[in-house]
> 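Okay, here's the structure, questions in a sec.
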Protein chains: 4
Amino acid sequence: MMNEFAGISGDRLRSFVERIEKLESEKITLTEDIKEVFSEAKGTGFDVKIMREIIKLRKMDPNDAAEQAELINVYKRALGMQTDMFSQAAE
Amino acid sequence: MMNEFAGISGDRLRSFVERIEKLESEKITLTEDIKEVFSEAKGTGFDVKIMREIIKLRKMDPNDAAEQAELINVYKRALGMQTDMFSQAAE
Amino acid sequence: MMNEFAGISGDRLRSFVERIEKLESEKITLTEDIKEVFSEAKGTGFDVKIMREIIKLRKMDPNDAAEQAELINVYKRALGMQTDMFSQAAE
Amino acid sequence: MMNEFAGISGDRLRSFVERIEKLESEKITLTEDIKEVFSEAKGTGFDVKIMREIIKLRKMDPNDAAEQAELINVYKRALGMQTDMFSQAAE
DNA sequence: CTGCCATTTTACCGGC
DNA sequence: GCCGGTAAAATGGCAG
């Protein structure tokens with residue numbers, strides 16, 4: 001009854017909200033840490049912009065080869081061809 | 001070479017794909033046009049974020065908008081946040 | 001092989017990059033945790049979208065929030081949209 | 001004076017808003033057109049999901065080779081190496 | 001109806 | 001300090 005409006009519990013809501021806010025503040029800390037590392041690297045002579053490129057490319061790189069291969073299979077499947085010789089024949 | 005496998009035509013596939021890509025590129029053009037209008041409005045002193053909010057509200061069913069606003073107030077009250085200018089405690 | 005060019009160390013670069021990638025992966029974990037909390041709240045009957053709005057408001061400076069709300073009303077009035085329950089024309 | 005509140009012109013605002021809404025409605029039309037093409041393709045026996053894959057991969061494909069090459073140059077630049085033999089020597 | 005993916009919006013960062 | 005572009009978050013739409 002107390003701390004409840006229109007059928008929702010203020011305590012439960014507050015608990016969820018505060019948990020999220022705590023996690024978000026931890027994220028902000030990490031963001032700051034990352035900035036510091038960039039800053040330190042910059043002070044050592046590295047180019048921050050290029051470092052960001054490297055990190056971005058490292059993230060996507062592993063996918064590219066697979067994607068190239070996938071494209072071929074995708075076309076084959078689209079055209080109704082088997083994509084490998086072990087494909088299931090009938091179920 | 002024959003552009004056909006398992007009775008499915010690569011030409012037909014290509015045709016569909018290209019039609020879609022054409023439509024998608026037109027969508028991108030419109031997206032850019034919209035950005036330009038926002039940019040022009042901004043240059044004239046309007047607040048773009050507020051404009052977006054207005055446009056969103058114009059799209060919404062008025063009842064839904066009211067319901068949503070009220071739900072926000074319910075949650076605010078549940079958390080003890082001020083919801084309107086008449087709610088502050090006596091001084 | 002020597003991992004060094006023009007007086008800059010590849011090892012140092014790698015070290016910076018890996019430190020950043022580690023921090024970024026921790027951020028991703030937190031992002032997932034946040035999603036889970038929202039999901040749990042949703043399962044308990046809360047409206048996630050409204051919760052997000054509440055959290056945003058709690059983050060904002062109250063004056064800024066009020067200013068923004070007022071600006072929305074200004075725009076609404078400029079367009080002849082109803083802004084409050086006392087503004088409807090006489091019946 | 002008329003149609004102006006708090007120093008903003010309702011007419012100018014309305015003009016911007018309506019231009020944007022018009023462009024948005026055209027976008028919606030295109031979205032519907034795209035859906036129809038997919039639907040037609042599906043009716044002809046194509047797998048929509050796979051078609052989406054194809055279109056997505058065609059969009060990103062041209063970038064991949066360039067990105068692979070870029071990664072190498074990016075590392076070189078990060079390590080202070082010249083990325084090509086014609087780089088400016090001194091200015 | 002739920003989760004997933006694309007789009008859209010917001011916030012951030014670096015350069016001018 | 002603004003502005004652009006770039007990455008993150010959030011919203012909405014679609015398939016299963």
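The sequence lines fix the lettering, A, B, ..., with proteins before strands; numbering per chain opens at 1. Everything quoted here is computed from the prediction, not taken from an experiment. Worth knowing before you read on, the calculation uses all heavy atoms, side chains too, and leaves out hydrogens, waters and symmetry mates.
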> Cation-pi check for D:F38 against D:R52: NZ or CZ below 6.0 Å from the six-membered ring centre and within 45 degrees of the axis, yes or no?
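Positive - D:R52 is close enough to the ring of D:F38 and near enough to its axis.
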> Summarise protein proximity over nucleotides 2-8 of chain F in one line of letters, 5' to 3': B for base, S for sugar-phosphate only, - for none, counting protein heavy atoms closer than 4.0 Å.
-----S-
> Whole angstrom is fine here: how far is it from CG in D:L57 over to P in E:dA6?
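For the pair D:L57 CG and E:dA6 P, the rounded distance is 11 Å.
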> Report the distance from atom CD1 of C:I55 to atom C1' of F:dT11, rounded to the nearest whole Å.
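That distance rounds to 16 Å.
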> Whole angstrom is fine here: how far is it from CE in B:M60 over to P in F:dG12?
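Those two atoms, CE and P, are 8 Å apart.
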> Please answer whether the main-chain N or O of D:K27 pairs with a side-chain N or O of D:T31 as donor and acceptor at a distance below 3.5 Å.
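Yes.
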> Measure from CD on C:E53 to C1' on F:dA9 and round the result to the nearest Å.
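After rounding, the reported distance stands at 14 Å.
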> I'd like to know if A:K42 pairs up with A:E36 as an ion pair, taking the criterion as any Lys NZ or Arg NE/NH1/NH2 lying under 4.0 Å from an Asp or Glu carboxylate oxygen.
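Salt bridge absent between A:K42 and A:E36.
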> Apply salt bridge (Lys or Arg N to Asp or Glu O under 4.0 Å) to the pair C:K22 and C:E26, showing each step before the final yes or no.
CA-CA 6 Å; C:K22 174 137 193 311; C:E26 291 172 24; 2.9 Å; yes
> Toward the 5' end of DNA chain F, which comes first, C:K49 or D:V48, by nearest nucleotide?
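Its nearest nucleotide being more 5', the pick is C:K49.
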> Charged N to carboxylate O below 4.0 Å: is that the case for A:E40 and C:R19?
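Here A:E40 pairs with C:R19 in a salt bridge, since their nearest N and O are under 4.0 Å apart.
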> Grab the CG-P distance between C:D47 and F:dG12 for me, whole Å please.
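It works out to 11 Å between those atoms.
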> Does a side-chain N-to-carboxylate-O contact under 4.0 Å join B:E24 and D:K59?
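Result for this pair is yes, salt bridge flagged.
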> Provide, to the nearest angstrom, the distance between the CG atom belonging to A:L30 and the P atom belonging to F:dA9.
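Nearest whole value for this atom pair: 11 Å.
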> Grab the CG-P distance between B:D64 and F:dT11 for me, whole Å please.
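In whole Å, F:dT11 P and B:D64 CG are 16 Å from each other.
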> Can you tell me the distance, in whole Å, between the CD atom of A:E36 and the P atom of E:dC13?
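Taking CD of A:E36 and P of E:dC13, I get 12 Å after rounding.
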